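Order of appearance sets the numbers: ligands from 1, and atoms from 1 within every ligand. Since we're looking at a predicted model, the values are computed, not measured.
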Amino acid sequence: MPADTFVTRLNEQIGNEFSAHQQYVAIAVHYDAETLPQLARFFYRQALEERDHAMMMVQYLIDADAEVAIPGVAAPQGAFGDIVAPVTLALEQEKRVTAQINGLAALAREAGDYTSEQFMQWFIKEQVEEVATMSDLLRVVERSKDDPMEIENFMAREHPGGEGEDPTAPHPAGA
Ligand SMILES: [Fe+2]
Ligand SMILES: [Fe+2]
């Protein structure tokens, strides 16, 4: 059985991942309404990844015979002043999640729950990638904020989608 403190915090993290999902859907819808389909597509896809993160955590708790309590989430921000603001928010969110994930790994280790610590390793690696991707995107949108088509071309070129499955990823519940 995972440590009780870890189970409590992982259930909270399921809420944080669903919250990230909702925020990315709201950002995608915003860009879609602004007719920026490549940015929209990128954030719809990011949203699905966050949903999968939540469901990987659900599967871990089920496999460990621990209690799963799906939390509610607060409404995301849906209105933005310019093309840069959603990406700034996304980068802040990824940095916040990185701190949460590292905190979960530290908590598992302190509790002597090395199985849960190992479960968190994939998320630590994933957060490095997500922060790097969002930092790069912020640089691009800041540089080209007066030329949205330049940003759209960048997204089509650099983030075409279909990156393929990560065979090392934990299994999401229901998938
Ligand atoms: Fe996530
Ligand atoms: Fe993320």
Kindly give the atom name of the N, O or S atom of [X] closest to the Fe ion (ligand 2).
X      : value
Glu50  : OE2
Glu94  : OE2
Glu130 : OE1

Does Arg9 pair with Asp4 as a salt bridge, N-O distance under 4.0 Å?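 Looking at Asp4 together with Arg9, the answer is no, because their closest N to O distance does not fall below 4.0 Å.
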Rounded distance (nearest 0.5 Å) linking atom NE2 of His159 with atom CD of Gln38: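 His159 atom NE2 to Gln38 atom CD measures 11.0 Å (nearest 0.5 Å).
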Of all the N, O or S atoms in Glu17, which one sits nearest to the Fe ion (ligand 1)?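 Considering only N, O and S atoms, Glu17 comes nearest to the Fe ion (ligand 1) through OE1.
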Looking at His53, which of its N, O or S atoms is the nearest one to the Fe ion (ligand 1)?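 Of the nitrogen, oxygen and sulfur atoms in His53, the Fe ion (ligand 1) lies nearest to ND1.
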Classify the angle between the aromatic ring planes of Tyr60 and Phe6 as parallel (below 30°), tilted (30 to 60°) or perpendicular (above 60°).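 Plane angle over 60°, so perpendicular.
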Should the pair Phe123 and His53 be assigned to parallel (<30°), tilted (30 to 60°) or perpendicular (>60°) ring geometry?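 It falls in the perpendicular class, over 60°.
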Distance alone, cut at 3.5 Å: any donor-acceptor contact between the side chains of Glu17 and Gln13?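 Yes - a donor-acceptor pair under 3.5 Å links their side chains.
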